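Remarks on the structure that follows.
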There are 2 protein chains.
Amino acid sequence: MPLALPEFPDLERLVRPRSVVLVGASAKPGSLGRRTADNLLHASDFGGDVHLVNPRAADIDGHPCHPDVESLPAVPDVAVIAIPAAGVMDALERCATKGIAYAIVLTSGFGEVGGDGRVQQDRMRALAARTGMRIYGPNCPGLTNLADRIGMTFSPAFADDRRVGPIGIATQGGGLGRNLVQAAERGAGAALWASLGNAADLDVADFVHHLAQDDGVKVILTLLEGVRDGRRLLAAFRAAAAAGKPVVTLKVGRSAYGVRAVQSHTAAMAGSAEVNSAVFAQLGVVEVADTDELMDVGWLLARAAPPPRTRIAIFGGSGGAGAMAADMVGAAGLELAEFAPETTAALREALPAFAAVGNPVDITATTISAPGLMDRTLGIVAADPNVDLVLLPIPLDYGDHSAHGSRAMAEVQSRTGTPLLPVWMSDRRGPGWQILADAGFCSPRSLTKAVSAVRHWADHGRWRAAAPAPAPLILNGRAAGEPLPDVRTEPAAKAWLAAAGIAVPEGVVARTEAEARAAAAELGGRLVLKAVSPDLHHKSDVGGVVLGVEGADAAAEAWERVVASASAHGTVEGVLVERMAPAGGVEMLVGVHRDPVYGHLISVGMGGVHVEVFGDVQRRLLPLDRRTAEEMLDGLRCKRLLEGVRGAPRHDVEGLVDLLLAVSALVERHADAIGELDLNPVLVRPAGAAGPTVLALDALVVGA
Amino acid sequence: MPLALPEFPDLERLVRPRSVVLVGASAKPGSLGRRTADNLLHASDFGGDVHLVNPRAADIDGHPCHPDVESLPAVPDVAVIAIPAAGVMDALERCATKGIAYAIVLTSGFGEVGGDGRVQQDRMRALAARTGMRIYGPNCPGLTNLADRIGMTFSPAFADDRRVGPIGIATQGGGLGRNLVQAAERGAGAALWASLGNAADLDVADFVHHLAQDDGVKVILTLLEGVRDGRRLLAAFRAAAAAGKPVVTLKVGRSAYGVRAVQSHTAAMAGSAEVNSAVFAQLGVVEVADTDELMDVGWLLARAAPPPRTRIAIFGGSGGAGAMAADMVGAAGLELAEFAPETTAALREALPAFAAVGNPVDITATTISAPGLMDRTLGIVAADPNVDLVLLPIPLDYGDHSAHGSRAMAEVQSRTGTPLLPVWMSDRRGPGWQILADAGFCSPRSLTKAVSAVRHWADHGRWRAAAPAPAPLILNGRAAGEPLPDVRTEPAAKAWLAAAGIAVPEGVVARTEAEARAAAAELGGRLVLKAVSPDLHHKSDVGGVVLGVEGADAAAEAWERVVASASAHGTVEGVLVERMAPAGGVEMLVGVHRDPVYGHLISVGMGGVHVEVFGDVQRRLLPLDRRTAEEMLDGLRCKRLLEGVRGAPRHDVEGLVDLLLAVSALVERHADAIGELDLNPVLVRPAGAAGPTVLALDALVVGA
């Protein structure tokens, strides 16, 4: 039974209200109420009504003040609350009673100060749930609608937020969010910035969902500290993917310091960085490490949809910068374009003999003496059918010459769909820099950052081209999950796996020494004996495992040893006598765990110490489809071992994919009951070898 | 017999000439000769004589012209050559004859165009060697002495190069070099910029050596494409280390595209990136990936010498930016300071209750209403004895408030030795940005770049504190190297290793089946048999190895098989019968190869496919000292396996260090004769196990 998708509120009238009331409007210079009134009354181009509420003033700047919300002549769409914390709950109650649909609470002093502030914030959330009035904030700079020029914010910087563009921004914190808005200075314009502060009610997921429906938005940037509701965030990301709008995310909490700082800053749990990253990757959400990278990647994705395969041309007047760019392109695993023969011929004809017409193209300093040459030759390169993007490293500011170059780039971009990515590498921002920004190029701050942005752009193009099915939502919480049989012991877990089509070694449980003898005789060959116990998870640490046993006598003797050793540490219900796995093959591990934010994820990596020492592991949300399972293996460095490095045989990779899918189906069926599942090791044998080629040698299931 | 150190020229009178002649001075607007004359006559504050040579002009700007160098009234220190390529060789001959000590050739059209240009450049080099006149260039923008304001360059941008500071810059390319000079715009000043172009004679190594002696220089930045003479570069780096001046390097050539582009741009070989990086690390040369990083790290190193251990405070008014900074600090493996109790108490007293007084410190937006609070609280943090650096993320431009913050930083920095690192993260450069630059802060362009710079700074502090011995110079080329015995077969190589104190398995060479029987009887236990051949390097691929042989009969049978199989592929001189290594332990590989640029390097990593699949390998120049050998192992991720992960025993790490030192001594003794040496695998057994605990199981020596 599929889960219903989470529902999202309609935020159209919050973002584009027909009328607004400012509760706490003030004439006092520098005050929250004054700065917010300035933005609503003066810095906005708001066509609708702005009502002011202040019981102690007759008017502000000639706009009449009302004593309270009740006395407003109409019901505004949005209330902006800018009064001290003590009065906020009362004001919100009044707004809800009036029938106002949305409230933006700018005031601080709630969840972020703990204690009573947290209690008040919980009341705020309850009020929203009870009345249906949606609350934005508290402890936030407000909502900035750049496209329609409506500043429901106290920030005096709003007056300068003039560059409008196709980027939608949803952040938790305010300072980092404004950092993104100020990227306008280097040419990137935004449509809307939601900065949700404590997010008592509305949160980043709601705005991601809203931006996915907003026609003025092409790309969504999010900046996350904690994730409160993984399922809603995933659903919002899915909505963005369905609308064809890339999401670029920066998630704080990759280190213990970050996790601690997030918790102290927002009282939110940062969650596991590995899990967040795995989930983002699975949903096609581009994850970056810094605020400038959010804008670098977001702008590039907004500028042009990335193709399935990205072939890069490098063009410029500095051979050194071109070589460095080519070096970085290669080090990032990206591809340089091979020019079509006509391109090379046309460049050869246009440029002097000492220019380089390969890729990178180095037109040298010729443009200084021959203006027009750059327009022509850059146009030739951008028109090459093998070129998907042109990277233009500009190492230095050369005054008017650079300005000419920037104009040439703008001119060429105006007549080609191939994105041009100029990189103004110098700290000197001459006229050429301003021309690029005004032409709408968002030049990355360094060449490394530019190449990293192209890498993300190209990766997203590959992800899109693969046209992945919508990523799964969280499995648990589904009422109809089947109960789990009793799989607390290894043989029970293995029987359950075997019934689901996962091969395990042949084995028999011997409850007596005599049964051990009989089992040895029946199975034959080299055996392993393991204590059967519902409460011993690490049997070999307590002498509960004996390897390489041959014959009935040895089996009887091993049975005794296992029972004697293991009984000292837990209940022993018998001894599992198993055929030892054939020699050879690669030992992998497959695990499932239930993340508190996102639900069940599956992991696969090389067994033994490799996951720990080399961190070579891939994770995905369950359930898996076949392609996703294959991608997991493709993402492992040890895939080369599976494929047979240096003449070693190819192992049964398809069988391992089948096992991952079988595990996925099992967990899907019993989601609510499964907390953890570990198959470690899973032996993957050469493809075509006799007998099963993918075997779970050990199995552990922990209930939810 | 130790090698003599390479010698370096005295460049004092090239960098600070008493008089200069410009050959090719011109009045023609825009010409090379005009632009260079402008710089020498007008944009420089040069106290000495500037002579002009132009046979077709009486004077330029009122300065008399001489028809040729011969007719100059005196011998200038430096000739700057700005005439077309065809006349350059003749002009250089005349300069040398006149007794001029240094010539700077700005003209292009030499090595970089190939063909006759390359021939002319070789003649230039020969002229320098023959006459003793040192040549700088050709194909370069010239030499820029910022500290003394002497611009021996054609670049019109020189007029704006006004910020002087303690950074010395030596580059190959001009465009990227000027990028570094333009970092002046964000507060970093330079003393000298040498941009050596084709480097027919003088090269980057000469200027690194010069800058190491220059009292006005604290840190040296280099930008390298190819390395022509590894030994001289190493010697120059050693001179810098001896003078206590850190070197920061960007080396192009980390990818195949980069290697190709370097070759096409400069006709130089880029060399192996892994080897370059290993050599730089060993010499304490800080390697970075981008031009902005060169300046970020260089400026920070010039600002303050890094301590042995770096504890970072984060301070600011944005909780989100502080949390992100803390996150990055942790992800970079850096350490946040634990404040002294007095610090926390003083902050608690100075700041309102909702501010965060831990680390990161978040003073919130309080400074807006309480100017002076930032000066006080930042001062408290910078004075904490547990704080080695204060990172100040500034996420947004807030106009006058930001300006106030910048002034507070400058004020606090003026009274503390603890370096403050403000990071202006916004693209909006308000007045606060300019105040930082003018106060001499070189704010990194992004928080990621800042944290990366701190990481390099901290690493360099650890390197300095370890007070490493001067790094070795290249071993080969020493006349007195001992000849190598005949070690072409495995038993011969093993006997040679054993004589040097490296344990190998017990073994006997059996030339007949009967000898194989006798050997098996003598050695006993499980054996391995391997073909002995001077020309078969991969014996197991051709059936030349049989494992797990027990008893005389089996040995005789195996002897037959090995001889039969291997004889089909090479000369078989017998069969090595060896005791099989005991079970358990970690298989490592130890190798030596002779790099064409830097000479012999030693590598160590985990054996089998691990080096290839996980790239977990460490390399160093030979010879090794004990600490360097230990550092190699510390740098391996698989060190944890050697140390015994998850209750596994600790392996004989000291024995492996001994083996590395023994290999180093062997190669040092026979340097000229050894091309390659591979011990693969080297079995490292649990420390204290019976028998040898570090054994070379296979050995291959290839002559030079």
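Note that the structure is a prediction, hence the values are computed from the model and not measured. All chains are named by letter (A, B, ...) in the order of the sequence lines, taking the proteins before the strands, and each is independently numbered beginning at 1.
For the set A321(B), P393(B), G322(B), the entry with the most heavy-atom pairs within less than 4.5 Å of chain A is A321(B). With chain A as partner, the option from M324(B), M425(B), R429(B), K449(B) having the largest number of non-hydrogen pairs under 4.5 angstrom is R429(B). Contact tally against chain B (heavy-atom pairs below 4.5 Å) for G258(A), A188(A), P156(A): the top residue is G258(A). Heavy-atom pairs under 4.5 Å with chain A peak, among P395(B), G173(B), G30(B), A184(B), at P395(B). Residue with the most contacts toward chain A among V113(B), L250(B), I394(B), L336(B): L336(B) (heavy-atom pairs, distance under 4.5 Å).
Heavy atoms closer than 4.5 Å to chain B are found in both the backbone and the side chain of R637(A). When heavy atoms are compared at a cutoff of 4.5 Å, L636(A) does not approach chain B at all. Looking at S318(A), only its side chain comes within 4.5 Å of chain B, counting heavy atoms on both sides.
Annotation for D400(A): atom CG does not count as buried by contact number, only 12 or fewer foreign heavy atoms lying within 6.0 Å.
Note on D292(A) versus R445(B): no salt bridge recorded, every NZ/NE/NH1/NH2 to OD/OE distance being 4.0 Å or above.
Here the side chain of D427(A) pairs no donor or acceptor atom with the backbone of R186(B) at under 3.5 angstrom. A donor-acceptor contact shorter than 3.5 Å is absent between the side chain of R178(B) and the backbone of L396(A). Looking only at distances, a side-chain donor or acceptor of D327(B) sits under 3.5 Å from a matching main-chain atom of G253(A).
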